[in-house]
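Numbering of residues begins at 1 and proceeds along the displayed sequence. All ligand and atom numbering here is 1-based and tracks the order in the structure.
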Amino acid sequence: MTSEGIPSSKMAAVNMLNFNVGILGHVDSGKTALAKAVSTVASTASFDKNPQSQERGITLDLGFSSFCVDIPEHLKRDDDKLETLQFTFVDCPGHASLIKTVIGGAQVIDLMLLVIDVTKGMQTQTAECLVIGQITCEKMIVVLNKVDLLSDVNRQTTIEKMTKRMLKTLESTRFAGCPVVAVAAKPGGPEAPDLEAIGIEQLVDTLKSCSFLPKRDTTGAFTYAVDHCFLIRGQGTVMTGTVLSGSVSVGDTIEIAAMKVTKKVKSMQVFRKPVSRAVQQLLLCKKVDYFRGVISTKAKFHITIGHETVMARVSFFGLHKDINDVEKLSLDAADRFDFSPEYVYQDELIPTNTKPCMDADANGVCIPACQFALLQFEHQVTCPHSCLVIGSKLDTDIHANVCRLAFHGKLLEPIVDPDYTQTLLPKVKVFKIKNKEGIVDRKVDEYTVVCRGLLKKESKIEMFTGLKVKLSTGEDGVIEGSFGQSGKFKVRLPAGLSDTASQLLAVRGKKTKGKGDSTPSQDSVPTESIKVLLTFKRYVYDPKKEMIQT
Ligand SMILES: Nc1nc2c(ncn2[C@@H]2O[C@H](COP(=O)(O)OP(=O)(O)OP(=O)(O)O)[C@@H](O)[C@H]2O)c(=O)[nH]1
């Protein structure tokens, strides 16, 4: 197995620093044209080479390309020998239906180029890309493209107006005051193939000054997000992608978890140059979320981890105030959270606030405390430790003009299904405390009563066998097992029935006997019914389907 053209290229030579730049924006804003204008090296899947892309006239998957410059002064360190700065461009699709690919691509970027068609301004997917950028990367440059389409007379004023408008929009985001560069990536459009791009030099200068030393962590298990996979005759299977965590060297054996196979790494390349080692690339951030829909517990969301998007049921459970882990949301969005306060995380009872505790930061932006969530995936997904998790509602109508990204977070602890592997069992204890109430139906003897109304007819009573209950007359009991087929069950009372309970049950017995019916109906139940109360913990995730008594 070889890993050709690994774009985000960790692996570069020791004297080269790789910096990943995502190119995002609304469909047809000119992202691919910009990638082409600014790059000198193309990978296998760049510049819409995919025949389907050419047929449909839109970018369908991620395209990787690069160019190198001398290492800028501000990145030079006395103790290192960095000579070259390589910008790797990740050209993302712009069509609304391809947002999963954009989210996947954006998770490997350090800086985002937000491309805007200067004749159109902010469009729906521009806004969505801005949200993705806020979640995934640290810096942004706005690129106003197609300035050649503006008349000579109005060009400068239109660029200035659009720049002001963009900076106003970005004021409340982490990209406030970011650079705005005007370009024409492909002046004249498709009809003028030979015209030289305008403004690229200024863009390159801005890129150089905005570059920084990205955080790279080579520790932890090796996890690789594959974006393309194909066969090369004589070489075998080639996978291109990005290292999300850990590192890998030629000769290492890697596991492809989804296929349950292991393979040996034969060779690796970055933009066709052989390398011997690859390390992690991902930068983890948490940003503003503008989702306007309802985020309710137990609802299903599309969850994206790396390049994979899987449906999962999301259970929110409690609040935790940790200033380092704070997420900013508008009050409007935060108010729509449906919190379930009774959950417990690792034996610690979570505060029972029903609304997030609100703080305001220096700018008056409301900051709700962090929210724990349990994700139950519909099928297995490979998750690197502490990876970025983005939840979205991708079934929303793409013409609805709304943001589909709902929430984001960091993976805290994986819970592996024991059916898949015996090596890891759930460590996280997430359960809900449940109270159930029924009534004592009749006395069998001094130490046994039959109860009903607590469990449904179809409930598996054996799951409740052995759990402790309490009668409203004070006796403690233990569920012994089912009685008949209608949801009734026997309760054993180790200390026996109290006199009060015996009397109440005797009165009741007489009333029902008079009607000639050995099983009292609901109407014949006297008002003095004895209640049976059960309190237990139910796991939100419980592969063994255990009931745990509080
Ligand atoms: N006039 C003019 N046309 C441009 C410019 N840049 C791109 N175009 C044209 O705009 C159209 C879309 O360009 P692309 O680069 O494919 O746009 P894109 O944003 O990558 O498109 P998707 O990835 O499908 O969203 C093409 O016909 C380009 O020739 C420019 O600077 N000026």
Side-chain angles (χ1 to χ4, degrees), residues 7 21-39 42-43 45-66 88-106 109 112-133 140-152 154-156 158-159 162-163 166 180-204 206 227-228 307 398-399 401 404:
V21 179
I23 307 183
L24 284 82
H26 194 83
V27 69
D28 271 353
S29 53
K31 299 177 290 299
T32 306
L34 184 70
K36 225 173 187 171
V38 80
S39 305
S43 85
S46 60
F47 310 150
D48 295 350
K49 274 185 208 142
N50 178 337
Q52 275 183 317
S53 266
Q54 290 180 6
E55 205 174 292
R56 292 177 58 185
I58 58 169
T59 304
L60 292 175
D61 61 3
L62 301 173
F64 295 91
S65 57
S66 73
T88 294
F89 294 100
V90 187
D91 175 22
C92 298
H95 196 272
S97 60
L98 300 166
I99 186 123
K100 278 191 241 176
T101 313
V102 183
I103 299 174
I109 65 178
M112 169 165 92
L113 295 182
L114 184 65
V115 184
I116 294 173
D117 180 335
V118 74
T119 63
K120 302 204 170 124
M122 278 283 270
Q123 293 174 277
T124 312
Q125 266 59 64
T126 324
E128 236 171 22
C129 290
L130 185 56
V131 174
I132 296 172
M140 183 173 85
I141 299 170
V142 174
V143 181
L144 303 177
N145 189 31
K146 306 197 185 181
V147 293
D148 60 300
L149 294 179
L150 304 171
S151 72
D152 290 349
N154 294 331
R155 184 170 299 146
Q156 207 43 43
T158 309
I159 292 171
M162 190 60 83
T163 303
M166 279 311 298
V180 181
V181 181
V183 304
K186 195 168 177 18
E191 281 79 41
D194 299 327
L195 288 186
E196 204 175 309
I198 302 166
I200 299 302
E201 257 176 49
Q202 197 203 335
L203 178 62
V204 170
T206 315
D227 50 63
H228 297 90
H307 293 300
I398 55 171
H399 305 294
N401 211 10
R404 290 167 292 168

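Ligand 1 is never approached by Gly25 to a heavy-atom distance shorter than 4.0 Å.
Evaluated for a side-chain contact (heavy atoms from CB on, under 4.5 Å) with Leu24, the options Val115, Asp91, Ile109, Val90 yield exactly one hit, Ile109.
For Val183, no heavy-atom contact with ligand 1 is shorter than 4.0 Å. Looking at Leu34 against ligand 1, nothing comes within 4.0 Å, counting heavy atoms.
Atom CD of residue Gln123 and atom OG1 of residue Thr126 lie 5.0 Å apart, to the nearest 0.5 angstrom. Here the CE atom belonging to Met122 is positioned 13.5 Å from the CG atom belonging to Asp117, to the nearest 0.5 angstrom.
Near Asn145, meaning under 4.0 Å from any of its heavy atoms, are these atoms of ligand 1: 5 (C), 6 (N), 31 (O). Atom numbering of ligand 1 starts at 1 in the shown order; those under 4.0 Å from a heavy atom of Gly188 are 1 (N). The contact set between ligand 1 and Val27, taken as ligand atoms under 4.0 Å from a residue heavy atom, comprises 24 (O), 25 (O). In the vicinity of Gly189, heavy-atom distances shorter than 4.0 Å reach the ligand 1 atoms 1 (N), 2 (C), 3 (N), 29 (O). Close approach to Ala184 involves these atoms of ligand 1, each under 4.0 Å from a residue heavy atom: 31 (O).
Summarising the contacts of atom 10 (O) of ligand 1 with Lys31, Lys146, Lys186, the nearest heavy atom is found in Lys146. Here atom 20 (O) of ligand 1 lies nearest to Thr32 when heavy atoms of Ile198, Thr32, Thr119 are compared. Nearest-residue assignment for atom 1 (N) of ligand 1 (options Asp148, Ile23, Asp117; heavy-atom criterion): Asp148.
Nearest heavy atom pair, residue Ala35 against residue Ser39, reads O-OG, 2.6 Å. Between Cys129 and Leu114, the shortest heavy-atom contact is CB-CD1, 3.8 Å.
Counting heavy atoms from C-beta outward, Leu113 and Phe89 have side chains that approach closer than 4.5 Å. Two residues are said to be in side-chain contact when any heavy atoms from C-beta on lie closer than 4.5 Å; Val147 and Val183 fail this criterion.
For a threshold of 3.5 Å applied to N or O pairs, the pair formed by Ala33 and ligand 1 contains at least one separation below that value. The shortest N or O to N or O distance between Cys92 and ligand 1 is not under 3.5 Å.
The main-chain N or O of Ala185 is found under 3.5 Å from a side-chain atom of Asn145 such that the two form a donor-acceptor pair. Glu128 contributes a side-chain N or O that, together with a main-chain N or O of Arg404, makes up a donor-acceptor pair within less than 3.5 Å.
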